[in-house]
Protein chains: 2
Amino acid sequence: MARKTKAEAAATREALLNAAEEVFFEKGVARTSLEQIARHAGLTRGAVYWHFKNKADLFMALVERVRMPFESLVEEVNNADTDISPLEAIRLACHAGLNHLEQPSRQRILSILLHRCEFFSDINPIEMQEKFGEECLDGMLAVFQLAHDQGLLREGLSAELAARLMQSTLGGLFHDWLRTPEAFSIRERGGEMIDTLIYLMQR
Amino acid sequence: MARKTKAEAAATREALLNAAEEVFFEKGVARTSLEQIARHAGLTRGAVYWHFKNKADLFMALVERVRMPFESLVEEVNNADTDISPLEAIRLACHAGLNHLEQPSRQRILSILLHRCEFFSDINPIEMQEKFGEECLDGMLAVFQLAHDQGLLREGLSAELAARLMQSTLGGLFHDWLRTPEAFSIRERGGEMIDTLIYLMQR
DNA sequence: AGGTTTTTACATACAAAACTGTATGGTTGG
DNA sequence: CCAACCATACAGTTTTGTATGTAAAAACCT
């Protein structure tokens, strides 16, 4: 095989990742062989083993290629304006987080992570999900604490409970939507649910 | 091999299911071979292929061995007393549903279904999850509709939104808990969240 | 009830396919 | 000229499904 330029090599690497994303999404991680990925990209297993150590390495590269919505959600929460209500900050941040899911690539990779892969070799997707969930919770907890200290939350509703309620609701919504993305719009239904939940939490 | 009595044969079938449950839980469905299951039960693959058609058949038998919590939850909702408030009926039904999760076997199988298996051959766990979710939603929706018609819900909160909020919250809680069952008690935290959510939804 | 036959309930053996990792080869860019 | 970039070839393991063997339970017969 003729040697490619550095740009071409990078392109084949991207092509392999794209192929892996599609085949993983279609058939699940465990049921897809490296040869299927290579052939789907118009290449051979030699290219896969050159760019990646093995299947786990390829999978990790695929996951790290996108920023996770939970991370971006935390980011949005922390970067929110300080002159608006904490509850409004959380509301806007959640909406912004939902917008990130519009990209089909992120949707596919999240779906792979949540529904289409088991743990294998040294990769544990459950730990990843747990990490994202904790980040989401911690990010929101601080802001809910502000809201609580300002007396904005309804009586009997602690900051911890509010954060856990919001996180569980979002998590459940994510799972439902990723199971059947065509069933409803995550922005519409998710936005409605977030607004309602925030509204119910207000004093 | 000496032939066993019918009772003994049924016992070995149960032993195979128990072994499958443990090994699936430990290593995931895709990564466990039928020989690993057989050896874990002190048997050989011959026993597996006698009692089950293949891995998918074994998996289905394992899942069907337990009633799902969503099903029982719906059941509890429908069987609830009619002389109490609809919201109270939902609250009690959710608590009852949580109690079903105390059994380690149900917990393990649910964990396998949600976190430890991809689709394979003609088995699609995603469809199962979807089915349970829809049953849960439909069961609660009817009762929330009663609550709405009786003017019990807070203004601006429709029955559909209330049901979806409750379902997503429960679903997210389930996923979080099944990821790390030892992190917290599902009855305590789940009960607290359910009570709070119902409380917030009341007028 | 006792003897015979037929199934049952597995264990063992075998063939076939699939997948992995590596080793090797061949161009060509830098 | 060397190493990057990938294709091809090869050896090895793992898993699956089936085929065969077999001792005893169960059914049948008288």
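Bear in mind the structure is a predicted one, so any value in this text is a computation, not a measurement. A note on names: the letters A, B, ... follow the listed sequences, proteins ahead of strands, and every chain is numbered from 1.
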Hey, is the main chain of B:V66 close enough, under 3.5 Å, to the side chain of B:R106 for a donor-acceptor pair? no
Among residues 35-48 of chain B, which contact DNA chain D at a heavy-atom distance under 4.0 Å? B:Q36, B:R45
Crowding at CZ, A:R65 (>12 non-hydrogen neighbours, <6.0 Å): yes
Any Lys/Arg nitrogen of B:R189 or B:E192 sitting under 4.0 Å from an Asp/Glu carboxylate oxygen of the other? no
Salt bridge B:R91-B:E88, side-chain N to carboxylate O under 4.0 Å: yes
Tell me the interatomic distance from B:F52, atom CZ, to D:dT16, atom P, rounded to whole angstroms. 15 Å
In whole angstroms, how far is the C1' atom of D:dT14 from the CZ atom of A:F120? 18 Å
For atom NZ of A:K55 and atom C1' of C:dT20, their distance in whole Å: 11 Å
Contacts to DNA chain D from residues 16-34 of chain A, heavy-atom cutoff under 4.0 Å, which residues? none
Can A:R164 be said to sit on top of B:F184's aromatic six-ring, NZ or CZ under 6.0 Å from centre and within 45° of the ring axis? no
Please check: side-chain N/O of B:Q129 versus main-chain N/O of B:L113, any donor-acceptor pairing under 3.5 Å? yes
Under 3.5 Å, is there a donor-acceptor pair between the side chain of B:Q167 and the main chain of B:G133? yes
Check: B:F25 main-chain N/O paired with B:R116 side-chain donor or acceptor under 3.5 Å: yes
A:E21 side chain to A:I109 main-chain N or O, any donor-acceptor pair under 3.5 Å? no
Interatomic distance, B:K4 NZ vs C:dT7 C1' [rounded to whole Å]: 16 Å
Run the salt-bridge test on A:R179 and B:E130 with the 4.0 Å N-O cut-off and return the result as yes or no. no
Expressed in angstrom and rounded to an integer, what is the separation of A:Y49 atom OH from D:dA9 atom P? 17 Å
Take the C1' atoms of the five end pairs on each side of the helix from C:dA1-D:dT30 to C:dG30-D:dC1, derive the two axes, and give their angle rounded to 10 degrees. 10°
Is any side-chain nitrogen or oxygen of A:T12 closer than 4.0 Å to OP1 or OP2 of D:dC6? yes
d(CG, B:L58; P, D:dT15) in whole Å: 15 Å
Round to the nearest Å and state the distance from B:W50 atom CH2 to D:dT20 atom P. 16 Å
Is there a donor-acceptor pair closer than 3.5 Å between any side-chain N or O of B:S168 and the backbone N or O of B:L165? no
Could you state the CG-C1' distance from A:N54 to C:dT22, rounded to the nearest angstrom? 13 Å
Between A:H51 and D:dC6, is there a contact of a side-chain N or O with OP1 or OP2 at under 4.0 Å? yes
5'-most by nearest nucleotide on DNA chain D - A:A10 or B:E8: A:A10
